[in-house]
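Presented below is the structure to which this report refers.
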Amino acid sequence: MSAAIAGFYSNVFSSPANIQRIYDIAVTPALPCWILLAIAPSWFVTRTLVKAAVLVNCAAYAFLVCGSILFPGEGETALTFAAMGSFPAILKLFRAIPDQTLLACWLHYIAFDLVCGQVIALDAQRAGIPRIFVVPFLFSCLMLGPAGFGLYAVVRMFIGRHSFLL
């Protein structure tokens, strides 16, 4: 059984076209979600699409990480928790990881940034902050991830009704 699963992962990961397909399926829905978060954050369609995009990214991430951990290719560095124990180990890992592991890392960013964007959009609406002022924070979260989220959190300490979620 495990030889069949290893063969499946090997076939999927040996083709750059397959890696591109996984990328397209997981990443393509993210940009419309960001636009909807800026325009209509509490609309049920926005909430549903953001959740779906995050779940697709999470599923693709899990698939890629499991494959990288359980079935590393010939001559590839296996993704292990021990390989993430120090900064030099992380550097070594990132310099030697196969395409599917790098894609998994990217999907990790996409999913978490989108969750943070949804938190910003819904919190700003709850706090009564005009949408036009929220768009720069959404863009900074999209482009800079934690820095954009942190910037919003700092600004929220000084403006808006209610306290920030954190």
Side-chain angles (χ1 to χ4, degrees), residues 9 12-43 45-73 76-125 131 133-156 164-166:
Y9 271 102
V12 169
F13 295 149
S14 64
S15 166
N18 288 342
I19 297 293
Q20 182 64 44
R21 272 189 217 102
I22 295 169
Y23 174 88
D24 291 341
I25 290 167
V27 174
T28 300
L31 185 58
C33 288
W34 282 100
I35 293 168
L36 286 171
L37 284 173
I39 296 170
S42 62
W43 186 32
V45 172
T46 303
R47 290 192 319 259
T48 301
L49 289 177
V50 169
K51 287 176 190 170
V54 168
L55 289 175
V56 165
N57 273 275
C58 291
Y61 172 81
F63 174 76
L64 293 164
V65 167
C66 286
S68 295
I69 291 171
L70 298 174
F71 309 108
E76 292 177 349
T77 301
L79 180 64
T80 64
F81 293 112
M84 298 179 226
S86 68
F87 186 67
I90 291 171
L91 280 175
K92 181 180 176 188
L93 177 68
F94 270 84
R95 288 182 177 136
I97 59 174
D99 294 348
Q100 69 270 18
T101 307
L102 185 59
L103 177 57
C105 294
W106 186 248
L107 298 181
H108 183 277
Y109 295 131
I110 298 291
F112 274 96
D113 288 354
L114 195 51
V115 168
C116 289
Q118 186 172 37
V119 167
I120 289 170
L122 294 175
D123 177 74
Q125 187 172 42
R131 234 176 258 137
F133 296 120
V134 178
V135 171
F137 294 109
L138 290 173
F139 184 73
S140 66
C141 188
L142 168 65
M143 300 308 290
L144 304 171
F149 187 80
L151 179 62
Y152 176 77
V154 168
V155 169
R156 270 293 277 122
F164 185 54
L165 298 172
L166 295 179

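Here the closest non-hydrogen pair linking A26 and V56 is CA-CG1, 3.9 Å. The two atoms that bring A104 and V65 nearest to each other are CB-CG2, 3.8 Å, heavy atoms only. The two residues R131 and A38 have their closest heavy-atom pair at CD-O, 2.9 Å. The minimum heavy-atom distance linking C116 with C141 is given by the pair CB-SG, 3.6 Å.
Under the 3.5 Å distance criterion, the side-chain polar atoms of T46 are left unmatched by any main-chain donor or acceptor of S42.
In this structure, the separation between CD1 on I22 and CG on D99 is 11.0 Å, given to the nearest 0.5 Å. The line from CZ of R156 to CD1 of I120 is 11.0 Å long, rounded to the nearest 0.5 Å.
When side chains are defined from C-beta on, L114 counts as touching L37, because their heavy atoms get closer than 4.5 Å. Residues V119 and F149 are in side-chain contact: their nearest non-hydrogen atoms beyond the backbone lie under 4.5 Å apart. Side chains of L64 and L107 form a contact here, defined as non-hydrogen atoms less than 4.5 Å apart. The shortest side-chain heavy-atom distance between F133 and V155 does not fall under the 4.5 Å cut-off.
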| task | I would like to know whether L36 and V50 meet side chain to side chain contact (heavy atoms under 4.5 Å, CB included); could you show each step before the answer? | result | CA-CA 9 Å; L36 286 171; V50 169; over 6 Å; no

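Pairs engaging residues 102-119 under the side-chain hydrogen bond (donor to acceptor under 3.5 Å, both in side chains) rule: none recorded [sequence neighbours left out].
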Indicate every side-chain donor-acceptor pair of residues 27-35 with a distance under 3.5 Å to a residue at least two apart or in another chain.
unit_1 : atom_1 : unit_2 : atom_2 : d
T28    : OG1    : D24    : O      : 2.6

